[in-house]
Amino acid sequence: MNLLEFNDVTKRYKEKTALNSVSLSIKAGEKVALLGCNGAGKSTFLNIATGLGLATSGSVRVFNQSPTDKGTRSLFSFLPQTLKLPDHLKVKEVIRVVEGHFSDGLDSKVLERLELTSLMNQYCHHLSGGEERKLCFALSLIGNRQLLILDEPTANVDFVSKQVIYTILGEYLKSKNPALLFSSHEMGEVEFLADRVVVLNKGEIVTDGTVSEIKRKFSPMKVSFISDQKNMKFMSTIKVNVEGDHYTLFGEDSDQIVRELFEKQCDFKNLRIEQSGLEEVFAQIWGTQ
Amino acid sequence: MNLVWTHAKWMILDLLRQPAYMVGTVALPALFYVIFAIPESNDVYSSNLLFASFSCFAVFGVFFLQFGVGVAQERTKTWYHYLRTLPVSKSHLILARFLCAYFFGIISVLALIIIASFYSMMSLTTEQWGLFFLGLFGSGIVFCVMGLCLGYWSTEKTALPVGNLIYLPLSFAGGLWKPPSILPEMLKDISPYLPTRQYGEIVWNIVADKAVPNDAIVTLLVYLLLFCAFTYIGFKRDYNMRLR
């Protein structure tokens, strides 16, 4: 069963088309990352999926119902990209407000691990940006919901807290197996959490596949080495980066690249062959658009 | 009902902790009552009428601004957007806002009751008290809807100043600060057509132990329908703006 289904969805603002004929479905248990540059349409997509925004045309179904349906809203949780909590409420009161909608409360261990336990009596306007974001993330785990929709869940959060959030989320996904749809600019986050990646560019889906499929498709192998030789030309590469004496060659067949190096009797050292990271893959995807 | 209470509770807490709000809604009517009404409360009759007037002024302010500013904020603040993704219906949130408005309305009237019982000759029978609260808070619903109307037709930044620009002149012109008989001539002609005047007429007649005039009820009902219509148009406008 599809938990989320977008059929030919278009969203137009006055002069801008934020989403253009987007069709996408997410099945139970799938972990989907939504990627794209700023303004690609990610937040618009997520807002429409959660009923906060309305599509200009096309159909949106969440759990086979309208996302604005009250019953649907008990099945998914949403962490918006920006969420300013009420200044004059305490942390524990905000948690209680959200818990009031569900039979399951928030696991106190989550609060401990996010270092929020000592802040329970603090007013929200006394929290730092990172603390507020961690609290918002914790709110999204309240209730036993089958679909988590998170818009840049670790934005404004320090490196250590990011790792804690990944661990908590990873464990949550493993134990409860909800579907996950999240947007992110953090490639480490994407590789850790997602098993499917959807790339949006200018409101259109340009790529949809598993992390390994996308890596294979867009930039399979990376060969790097150090050499004093200048102006080397290669036949078996897609792209060559040269910074001083550091060469980085990208190509589909790393064996062929290395063979070419030997054929050219290239004097090289520190040869490394590795799979490209997602960051390089997306740089290439957006470069080709 | 639990959800309504959950939301009413946080709304009340949020406002209780804002001194500016408490001063504006509770202290201001009490202060005006002390300045303008207590010196004129020379006998039971005038004490009762002036107490009723300033109670109307207090409830009008709380209901109108609570809904006006609250709804305008709902349309822009991310917290309210977030609430829309939780399994709670719009009607629950509106009911919670009603509870919150009634809570602060009761507090502001309680402040007046305390002042009146110490510094005026105000005296009401038990039956009059019952009718007073019924008339005051029952017909006050018109101002909740008037506030909803303001909330949908203004922005978060303009709701409070625009609300005050409506609240204070309407209170004065409706005879809630000074009896209608001593209003300037021009206002005397307009006054009977204002919702605040008819609101006052209902509560004044209750505390004067007279029958509530039907005209006042009918006029308030007409205003209620009018504000409902403008609120609906404003709501659709807001919805269409989200659609665009």
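Every heavy atom of this structure was used, including side-chain atoms; hydrogens, water molecules and symmetry mates were not.
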What's the spacing between Ser140(A) OG and Tyr82(B) OH if we round to 0.5 Å? 7.0 Å
Within 6.0 angstrom of Lys90(B) NZ, more than 12 heavy atoms from elsewhere: yes
Exceeds 12 heavy-atom contacts within 6.0 angstrom, atom CZ of Phe36(B): yes
To the nearest 0.5 angstrom, please state how far the CG atom of Asp87(A) sits from the CZ atom of Arg17(B). 12.0 Å
About how many Å separate NE2 of His81(B) and OG1 of Thr82(A), when rounded to the nearest 0.5 Å? 9.5 Å
Chain A: which of Trp5(B), Tyr80(B), Trp10(B) shares the most heavy-atom pairs with it under 4.5 Å? Trp10(B)
Side chain, backbone, both or neither: which part of Asn2(B) has a heavy atom under 4.5 Å from chain A? neither
Given the options Pro67(A), Pro86(A), Ser77(A), which has more heavy-atom pairs under 4.5 Å with chain B than any of the others? Pro86(A)
I'd like to know if the side chain of Arg73(A) and the backbone of Val88(B) have a donor-acceptor N/O pair within less than 3.5 Å. yes
Please check if the number of heavy atoms outside Gln65(A) that lie under 6.0 Å from its CD is greater than 12. yes
From Thr85(B) atom OG1 to Leu83(A) atom CG, the distance as rounded to the nearest 0.5 Å: 8.5 Å
Inspect the surroundings of NZ in Lys9(B) and state if more than 12 heavy atoms from other residues, nucleotides or ligands are less than 6.0 Å away. no
Are Leu13(B) and Glu93(A) packed together at the side-chain level, in the sense that at least one heavy-atom pair is separated by less than 4.5 angstrom? yes
For atom NZ of Lys27(A), is the number of surrounding heavy atoms from other residues, nucleotides or ligands below 6.0 Å larger than 12? no
If we count only N and O atoms by modelled type, under 3.5 Å, do the side chains of His92(B) and His101(A) hold a donor and an acceptor together? no
Counting only heavy atoms not in Phe137(B), do more than 12 fall under 6.0 Å of its CZ? yes
Where does Leu139(A) contact chain B at under 4.5 Å (heavy atoms): side chain, backbone, both or neither? both
Shorter than 4.5 Å, heavy atoms on both sides: which option in Leu89(A), Val98(A), Thr68(A) has the most such pairs with chain B? Leu89(A)
For Leu86(B), is it the side chain, the backbone, both, or neither that has a heavy atom closer than 4.5 Å to a heavy atom of chain A? both
